Amino acid sequence: MIDVQNLSKYFGPVLAVNNVSFQVEKNEIVGLLGNNGAGKTTLMRILTTYLPASSGIARVAGFDVMTQSMEVRQRIGYLPESIPLYPEMRVEEYLAYRAKLKGVDRRQRAARIGYCLERCKVAEVRRRLNGTLSKGYRQRVGLADAMISDPPILILDEPTDGLDPGQKAETLGMLRELGQDHTIMLSSHLLSEVESLVQRVIIIRRGHLALAKKLSELETDDVIVVEVRGPSDQVAVTLRNTEGVAQVTPKGGEDGLAFFEVRTHQRQDLREQISQRLAKNGWPLRRLDLRRRSLQDRWNEINNWDEFTAAEPISRGSTAVTT
């Protein structure tokens, strides 16, 4: 449903999006992550035809965002970072106006407006002026606007921003249900929120594509946590010499205890082999856990990448870092 190939965007001399490529499948919920200024909003604005790309290709629902922008707009619902509501219009009046603009059939318009009011939990403020709404209500009216024409693709920039915990839970539940029949791309700063909702995650780091994988693929990189009473250097050698072990990382220790993280080849569970080798050397085993790296672990790794730390926003003509 979304196909991005070698997409770049300059703002004057500054390269905000640098040679990004990824695909999003039909009825997939995708989380777009990155620090402030990473290029998330710029990327979303290109996909929604709000901004032109400097180079590369982006197709949404099979249509090119540059040459077929009207076809793209008819198939997306967009919740921007700042909700552009008309403050002098009432909520229901505004949604009726937006439904007309988006070509919702007149015979179905009232039912669709009622559905979105109820689904987005704004029916109770349907007669209030947009200008008097709290940030949370404005956010939900914006979401109702994005849904009003029942588009196959929803692109949502921080959809839970400004919502209280209860409202966030309701919105996430609604998005999870919508994901059964819609393709959804959303941005968020809350990793736990994204991890509970999406099937695929895309991480942008200073305009570069740092990661684009399904969450199920992230879980393939397991870590065995080892806590043992024994000489750290000798334990490390024993662990490294265990067949199937790819990497052993010391994590410190105290009072004769040594801590390690062990990564294995091809997702092997080597806990029994490790236990036997340590016991054979007479080293008491205190802990042996199989832990899957979380999205937070990957996020921390990406944001600690040395090749990015020295780079400010890249200027035109400079050498780009690729991942």
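Computed from a predicted structure; not experimentally measured.
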Under 3.5 Å donor-acceptor, [X] side chain and [Y] backbone:
{"X": "Glu118", "Y": "Gly114", "answer": "no"}
{"X": "Asn6", "Y": "Asn19", "answer": "no"}
{"X": "Thr238", "Y": "Gln234", "answer": "yes"}
{"X": "Asp64", "Y": "Thr67", "answer": "yes"}
{"X": "Arg205", "Y": "Leu209", "answer": "no"}

#### Entry: Donor-acceptor pair between His189 and Asp161 side chains, under 3.5 angstrom
no
### Task
Give a yes-or-no answer on whether the side chains of Asp3 and Gln5 include a donor-acceptor pair shorter than 3.5 Å.
yes
First locate atom [atom1] of [X], then atom [atom2] of [Y], and finally report the distance between them rounded to the nearest 0.5 Å.
{"X": "Thr264", "Y": "Arg271", "atom1": "OG1", "atom2": "CZ", "answer": "10.5 Å"}
{"X": "Met147", "Y": "Arg112", "atom1": "CE", "atom2": "CZ", "answer": "5.5 Å"}
{"X": "Tyr50", "Y": "Ser69", "atom1": "OH", "atom2": "OG", "answer": "14.5 Å"}
{"X": "Ser232", "Y": "Lys251", "atom1": "OG", "atom2": "NZ", "answer": "12.5 Å"}
{"X": "Thr41", "Y": "Asp157", "atom1": "OG1", "atom2": "CG", "answer": "4.0 Å"}
{"X": "Ile148", "Y": "Cys116", "atom1": "CD1", "atom2": "SG", "answer": "4.0 Å"}

Heavy-atom pair of closest approach, residues [X] and [Y]:
{"X": "Glu158", "Y": "Gln139", "value": "O-NE2, 2.5 Å"}
{"X": "Leu32", "Y": "Lys40", "value": "O-CD, 3.6 Å"}
{"X": "Thr160", "Y": "Lys168", "value": "O-CE, 3.4 Å"}
{"X": "Ile203", "Y": "Ile302", "value": "CD1-CD1, 3.6 Å"}
{"X": "Leu129", "Y": "Pro87", "value": "CB-O, 3.8 Å"}
{"X": "Arg75", "Y": "Pro152", "value": "O-CD, 3.3 Å"}

### Task
Just jot down the salt bridge (charged side-chain N to carboxylate O under 4.0 Å, His left out) partners of Asp233, sequence neighbours excluded, or say none.
none
## Note on the structure
Applying salt bridge (charged side-chain N to carboxylate O under 4.0 Å, His left out) to Asp164 and not counting sequence neighbours gives none
Taking the side chain as every heavy atom from C-beta outward, state whether [X] and [Y] have any atom pair closer than 4.5 Å.
{"X": "Ser55", "Y": "Tyr10", "answer": "no"}
{"X": "Leu191", "Y": "Val194", "answer": "no"}
{"X": "Leu288", "Y": "Ser275", "answer": "yes"}
{"X": "Val30", "Y": "Leu186", "answer": "no"}
{"X": "Val262", "Y": "Gln247", "answer": "no"}
{"X": "Leu257", "Y": "Val228", "answer": "no"}
{"X": "Glu243", "Y": "Leu270", "answer": "no"}
{"X": "Glu195", "Y": "Glu193", "answer": "no"}

### Task
Might you work through the side-chain contact (heavy atoms from CB on, under 4.5 Å) test for Ile274 and Ile224, ending with a clear yes or no?
CA-CA 10 Å; Ile274 289 173; Ile224 297 176; 4.1 Å; yes
### Worked check of side-chain contact (heavy atoms from CB on, under 4.5 Å) between Leu133 and Val125
CA-CA 8 Å; Leu133 298 178; Val125 296; 4.2 Å; yes
Contacts table for residues 42-49: side-chain donor-acceptor under 3.5 angstrom, sequence neighbours left out:
residue, atom, partner, partner atom, Å
Thr48, OG1, Met44, O, 2.9
Thr48, OG1, Arg45, O, 3.3
Thr49, OG1, Arg73, NE, 2.9

So if you build clusters from Ile, Leu, Val, Met, Phe, Trp, Tyr with side-chain heavy-atom gaps below 4.5 Å, do [X] and [Y] land together?
{"X": "Val245", "Y": "Val235", "value": "yes"}
{"X": "Val237", "Y": "Val226", "value": "no"}
{"X": "Val60", "Y": "Ile57", "value": "no"}
{"X": "Val104", "Y": "Leu143", "value": "no"}
{"X": "Leu163", "Y": "Ile29", "value": "no"}

### Crowding at CZ, Phe259 (>12 non-hydrogen neighbours, <6.0 Å)
yes
### Task
Please say whether more than 12 non-hydrogen atoms of neighbouring residues, nucleotides or ligands are located less than 6.0 Å from CD in Glu88.
yes
Could you pull out all donor-acceptor pairs under 3.5 Å where a side-chain atom in residues 174-182 meets a protein atom, sequence neighbours excluded?
residue, atom, partner, partner atom, Å
Arg176, NH2, Ser196, O, 3.2
Glu177, OE1, Arg119, NH2, 2.3
His182, ND1, Leu178, O, 3.1
His182, NE2, Asp150, OD1, 2.9
His182, NE2, Pro151, O, 3.3

### Task
Go through Leu33 and Leu295 one step at a time and tell me if the side-chain contact (heavy atoms from CB on, under 4.5 Å) criterion holds.
CA-CA 11 Å; Leu33 303 174; Leu295 183 57; 3.9 Å; yes
### Query
side-chain contact (heavy atoms from CB on, under 4.5 Å) between Asn18 and Ser8: does it pass, once the steps are laid out?
CA-CA 5 Å; Asn18 185 6; Ser8 296; 4.3 Å; yes
### Query
Taking Glu28 as the fixed residue, which of Arg200, Lys214, Gln23 is the one that meets the side-chain hydrogen bond (donor to acceptor under 3.5 Å, both in side chains) rule?
Arg200
Which atom pairs, donor and acceptor, lie under 3.5 Å between side-chain atoms of residues 276-287 and protein residues at least two apart or in another chain?
residue, atom, partner, partner atom, Å
Arg277, NH1, Asn241, O, 2.9
Asn281, ND2, Arg277, O, 2.8
Arg287, NE, Asp289, OD2, 2.7
Arg287, NH2, Asp289, OD2, 3.4

### Message
Show me the pairs that pass salt bridge (Lys or Arg N to Asp or Glu O under 4.0 Å) and involve residues 89-101, at least two apart or across chains.
### Response
Glu92-Arg126, Arg98-Asp145
### Message
Would Lys135 pass as a cation-pi partner of Tyr137, given that its NZ or CZ must be under 6.0 Å from the six-membered ring centre and within 45 degrees of the axis?
### Response
no
